[in-house]
Amino acid sequence: QLQLVESGGGLVQPGGSLRLSCAASGVTLERYAIGWFRQAPGKERERVSCIRTSDGSTYYADSVKGRFTISRDNAKKTVYLQMNNLKPEDTAVYYCAAERSLIRLCVSLEYHYWGQGTQVTVSS
């Protein structure tokens, strides 16, 4: 039932910005936590940022604190990841994921629904 579609990726120079979108369908967004995860070639998936849409609780990985901001628009059933001051090490495929029942907010193993991913490349 739940479908997630990421968009907004692309190629940017270091220091640039992108805003990723994760559009949900088939669900009431307020009932779900949404997480952003990323995976670079040859590396394991890592968590980036998550939001518990019911109360707005958020998590940010140390590597993105102060640069990335997660937000939601319940009317549009969309969660955003604003990415500023991008660095080459941010290059990865970014996935959004959703889960209704979570205790730990940003643990990928606990997320059951995943989008298709969107490529972010940071390079000069």
Side-chain angles (χ1 to χ4, degrees):
Q1 290 182 323
L2 174 62
Q3 294 184 343
L4 302 171
V5 179
E6 302 100 329
S7 62
L11 173 65
V12 296
Q13 292 184 301
S17 298
L18 287 172
R19 189 179 73 162
L20 305 184
S21 299
C22 177
S25 63
V27 300
T28 300
L29 182 63
E30 294 91 332
R31 292 183 174 271
Y32 283 79
I34 300 292
W36 286 99
F37 302 85
R38 66 188 183 188
Q39 187 166 25
K43 295 186 176 181
E44 64 183 14
R45 183 176 59 199
E46 64 176 337
R47 56 190 177 182
V48 177
S49 182
C50 299
I51 184 167
R52 196 185 306 276
T53 52
S54 61
D55 62 8
S57 299
T58 59
Y59 164 88
Y60 295 95
D62 288 343
S63 60
V64 306
K65 284 182 179 177
R67 299 189 298 120
F68 291 9
T69 303
I70 192 168
S71 62
R72 60 179 174 173
D73 186 333
N74 290 334
K76 296 182 178 179
K77 303 180 71 173
T78 300
V79 173
Y80 303 97
L81 184 67
Q82 179 66 46
M83 309 164 66
N84 297 326
N85 192 24
L86 284 161
K87 302 176 180 181
E89 53 262 43
D90 296 318
T91 296
V93 177
Y94 284 69
Y95 299 90
C96 67
E99 181 56 51
R100 184 169 178 175
S101 299
L102 290 174
I103 296 177
R104 296 178 294 176
L105 178 58
C106 213
V107 176
S108 62
L109 185 63
E110 297 189 13
Y111 284 80
H112 294 127
Y113 304 97
W114 294 81
Q116 84 288 349
T118 185
Q119 177 71 48
V120 172
T121 302
V122 185
S123 176
S124 60

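Looking at Gln82, its side chain never comes within 3.5 Å of a backbone N or O of Arg19 through a donor-acceptor pair. Between the side chain of Gln39 and the backbone N or O of Ala92 there is no donor-acceptor pair closer than 3.5 Å. Listed for the Glu99 side chain is no donor-acceptor partner under 3.5 Å among the backbone atoms of Tyr113.
Between Thr91 and Ala40 the shortest heavy-atom distance is O-CB, 3.6 Å. Residue Asn85 comes nearest to Ser17 through the heavy atom pair N-OG, 4.2 Å, listed as atom of the first residue, atom of the second, then distance. Across all non-hydrogen atoms, the minimal contact from Cys50 to Ile70 is C-CD1, 3.7 Å. Scanning all heavy atoms of the two residues, the minimum distance from Cys106 to Ser49 falls at SG-C, 3.9 Å. Looking at every heavy atom in both residues, Val120 comes nearest to Gly9 through CG2-CA, 4.1 Å. Heavy-atom minimum distance, Ala98 versus Leu2: CB-CD2, 3.5 Å.
Met83 contributes atom CE, which lies 7.5 Å from atom CZ of Arg67 (distance to the nearest 0.5 angstrom). Atom CG of Leu86 and atom OG1 of Thr121 lie 10.5 Å apart (nearest 0.5 Å). Rounded to the nearest 0.5 angstrom, Ser21 OG and Leu4 CG are separated by 12.5 Å. In this structure, the separation between CG on Leu105 and CZ on Arg52 is 5.0 Å, given to the nearest 0.5 Å. For the atom pair CZ (Arg38) and OG (Ser108), the distance works out to 13.5 Å, reported to the nearest 0.5 Å. To the nearest 0.5 Å, the span separating OG1 on Thr28 from NZ on Lys77 amounts to 6.0 Å.
A 4.5 Å side-chain heavy-atom check between Tyr95 and Cys22 finds every atom pair outside the cut-off. Looking at heavy atoms from C-beta onward, Val79 lies out of side-chain contact with Cys96 at the 4.5 angstrom threshold.
The 12-atom threshold is not exceeded at CD of Glu44, counting heavy atoms of other residues, nucleotides or ligands nearer than 6.0 Å. No more than 12 heavy-atom neighbours from other residues, nucleotides or ligands sit within 6.0 angstrom of CZ on Arg31. Other residues, nucleotides and ligands place more than 12 heavy atoms under 6.0 Å from the CD atom of Glu46.
Using a 4.0 Å cut-off between charged side-chain N and carboxylate O, Asp62 and Lys65 make a salt bridge.
Linking Ile, Leu, Val, Met, Phe, Trp and Tyr whenever their side-chain heavy atoms come within less than 4.5 Å puts Val122 and Tyr60 in one cluster. Hydrophobic clustering keeps Tyr80 apart from Val48 (ILVMFWY residues linked when any side-chain heavy atoms are closer than 4.5 Å, directly or through intermediates). Hydrophobic clustering (ILVMFWY, side-chain heavy atoms < 4.5 Å, transitive): Trp36 and Leu29 are in one cluster. Val93 is not connected to Val64 by any chain of hydrophobic side-chain contacts under 4.5 Å among Ile, Leu, Val, Met, Phe, Trp and Tyr, and they are in different clusters. In the hydrophobic cluster analysis, where Ile, Leu, Val, Met, Phe, Trp and Tyr join through side-chain heavy atoms closer than 4.5 angstrom, Tyr111 is grouped apart from Ile51.
By the 30° and 60° cut-offs, the orientation of the rings of Phe37 relative to Trp114 is tilted. Below 30°, between 30° and 60°, or above 60°: for Tyr94 and Phe68 the angle between ring planes is between 30° and 60°, a tilted geometry.
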